[in-house]
Amino acid sequence: MKIDKQQIQEFNSQFLSEHESNFQFLTTQLDKRGLNVDKVVQKIADFQIAIPSWALGTGGTRFGRFPGGGEPATLEQKIEDVGLLHALNRSGGAISLHIPWDIPEDANAIRQLAFENDLIFDAVNSNTFQDQADQLQSYKFGSLCHTDQKVRQHAIDHNKEVIRHGVDLGSKSLTVWLSDGSNFPGQQNFKKALSRTLDSLSEIYASMPDDWKMFVEYKPFEPNFYSTVIPDWGTSHLLASKLGERAFCLVDLGHHLPNTNIEQIVATLMMEGKLGGFHFNDSKYSDDDLTVGSIKPYQLFLIFNELVDGMEDPQLNNPIPAWMIDASHNVKDPLEDLIQSIEAIKLAYAQALLVDRSKLEEARDKNDPVLTQEIFQDAFRTDLRPLLAESRKRAGAALNPIAFYRIYKIREQLIEERGVHSVATGL
Ligand code: PSV
Ligand code: MN
């Protein structure tokens, strides 16, 4: 199914007068602060977030899964879902594939379908955390770090194959997340495991086309519960630095132990020009799968404050990171959850754009923590939802994507087309 522009216009017309008075009220407030509202609206409209191909189905835990129906069973249907999302909010204009969960059989046809849905291919993700059917070398005790050269080579070759798929689709980056680690003290030689990982990554790095980047993702634990070979940003940075200038760190918000100061990590990595990728989600305890902004929206704002600071600093040469949502939707409709995620990300971004940076620096130089807090919280507590709606309106998207999704019964139509039985791959 497809959402056409006409439907969006019709839908928006019902909410237009209410939206215009809300936006007018906000504009008056922001004008008084000397903010260029049009510039912020444009920045919000330009900000695109990639959707992973594994996020379109209902997620689950090892205890169970409760699919809601109408889920995509093929790569084509996943692209169709991201296309629907993008038509609704004009902010999810890229898809990130996980190989081998989603292998494009006919790359040209898949590329064409993405083009018709106004989508491009973001980073491709390798998967050496599961054995595939008939796989001769097992990843039970690791992949790129494995003690056995044959297993390492198998994992290296898989990454090279992922790069080849990415090249065919027009991707420009590879994300490597390794589950490698150990479950018991003494099981693994830390130094040898890390050094073997570096050697394996070097071979993969050398096989990337010249205009490609590699993102090295870190995670403290899970699936291994004693040690992980790349557990933190320091190890990721060490590897990225040794690999070369096209290797970067990837920050996944859920991959930190509770209360870690993620915003400080972001600032440090950007200072070093090494922040390449970003995965959005939220967590309360130790998962990495809840909707971004659902639990800690202030932390998300603080993180965006550093991201904006890093992106606007002419002294830094950090590339614009590749943004992606990496969450699992256990009890929500995946498309509705993705709409909420994008809204939360853009809200935090807009709030961070509101911060008066010269005033902030002045207050910092004068060691005035009261004023710095006022500046932050003033931005955080301004309701910018009308500004986000305005950016959608100007981009030809729905003023209220969730309302559109429900009023036009998108899920019901998908269930009708695809059936209630779902065959989602992935998490
Ligand atoms: C691992 O937890 C991770 O964050 C990596 O990005 C994977 O590619 C993704 O989740 C899906 O398993
Ligand atoms: Mn991730």
Side-chain angles (χ1 to χ4, degrees), residues 12 15-49 89-91 261-264 266-267 270-271 275 278 280 292-294 296-316 318 320-321 323 340-401:
N12 282 357
F15 299 93
L16 213 53
S17 71
E18 192 191 341
H19 163 67
E20 267 158 14
S21 73
N22 291 342
F23 184 57
Q24 189 50 52
F25 177 74
L26 178 63
T27 305
T28 315
Q29 283 178 286
L30 298 180
D31 277 348
K32 277 191 206 141
R33 302 187 194 185
L35 198 89
N36 185 334
V37 179
D38 278 333
K39 227 171 156 183
V40 178
V41 171
Q42 194 53 49
K43 282 189 173 171
I44 297 300
D46 292 343
F47 196 86
Q48 297 294 316
I49 303 144
N89 64 15
R90 303 298 305 162
S91 300
N261 191 332
I262 305 174
E263 52 272 29
Q264 190 176 9
V266 165
M270 287 188 106
M271 188 179 96
L275 179 62
F278 219 91
F280 292 103
V292 55
S294 63
K296 290 174 282 193
Y298 192 53
Q299 184 193 47
L300 186 63
F301 158 74
L302 295 175
I303 290 166
F304 260 102
N305 189 61
E306 296 306 328
L307 290 168
V308 167
D309 192 76
M311 289 191 285
E312 287 183 354
D313 188 342
Q315 316 274 1
L316 301 187
N318 197 84
I320 299 296
W323 316 107
Q340 287 186 321
S341 300
I342 289 178
E343 182 81 1
I345 294 165
K346 292 203 155 194
L347 213 43
Y349 179 37
Q351 287 162 338
L353 289 171
L354 231 63
V355 171
D356 185 331
R357 284 181 197 276
S358 51
K359 256 198 195 157
L360 181 68
E361 284 317 315
E362 214 178 291
R364 284 171 168 173
D365 287 344
K366 289 188 179 147
N367 295 307
D368 187 346
V370 172
L371 187 53
T372 50
Q373 181 176 320
E374 288 294 306
I375 293 170
F376 268 10
Q377 298 208 349
D378 183 40
F380 178 69
R381 294 193 163 126
T382 309
D383 184 359
L384 292 177
R385 287 174 297 179
L387 192 147
L388 263 63
E390 178 64 18
S391 90
R392 280 195 293 273
K393 191 191 96 185
R394 293 189 195 174
L399 278 172
N400 182 340

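In this chain, residues are counted from 1 in sequence order. No hydrogens, no waters, no symmetry mates; every other heavy atom, side chains included, goes into these values. Note that this is a predicted model, so its numbers are computed, not measured.
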- Contacts of S91 meeting side-chain hydrogen bond (donor to acceptor under 3.5 Å, both in side chains) (sequence neighbours excluded), chain-then-number -> K346

- Are any of the side-chain nitrogens in E343 or R392 under 4.0 Å away from the carboxylate oxygens of its partner? yes

- Query: Excluding sequence neighbours, so at least two apart, what forms ring pair (Phe, Tyr, Trp, His ring centres under 6.0 Å) with Y298?
  - Reply: F301, F380

- Message: Quick check for you: to the nearest 0.5 Å, what is the distance between L300 atom CG and L307 atom CG?
- Response: 9.0 Å

- How long is the gap from CG on D46 to CD on Q42, to the nearest 0.5 Å? 4.5 Å

- Task: Could I get the full list of side-chain contact (heavy atoms from CB on, under 4.5 Å) partners for E362, not counting sequence neighbours?
- Result: K366

- Could you tell me which residues satisfy side-chain contact (heavy atoms from CB on, under 4.5 Å) with K393, sequence neighbours excluded, listed by chain and number? L16, H19, E20, E390, L399

Review item, side-chain donor-acceptor pairs of residues 31-41, under 3.5 Å, at least two apart:
| residue | atom | partner | partner atom | Å |
| --- | --- | --- | --- | --- |
| R33 | NH1 | D378 | OD2 | 3.4 |
| R33 | NH2 | T382 | OG1 | 3.0 |
| N36 | OD1 | D38 | N | 3.3 |
| N36 | OD1 | K39 | N | 3.2 |
| D38 | OD1 | R394 | NH1 | 2.9 |
| D38 | OD1 | R394 | NH2 | 3.1 |

- Query: Would you say the ring centroid of F23 lies under 6.0 angstrom from that of F25?
  - Reply: no

- Do R357 and N305 get their side chains close enough for a donor-acceptor pair, meaning under 3.5 Å? yes

- Query: Does any N or O in the side chain of N12 come within less than 3.5 Å of the main-chain N or O of A398, such that one atom is a donor and the other an acceptor?
  - Reply: no

- Item | salt bridge (charged side-chain N to carboxylate O under 4.0 Å, His left out) involving K359 - partner list, sequence neighbours excluded | none

- What do the steps show when you test D383 against Q29 for side-chain contact (heavy atoms from CB on, under 4.5 Å), and what is the final call? CA-CA 11 Å; D383 184 359; Q29 283 178 286; over 6 Å; no

- Message: Before you tell me yes or no, could you show the steps for L30 and L384 under side-chain contact (heavy atoms from CB on, under 4.5 Å), namely the whole-Å CA-CA distance, both residues' side-chain angles and the distance that decides it to 0.1 Å?
- Response: CA-CA 10 Å; L30 298 180; L384 292 177; 4.3 Å; yes

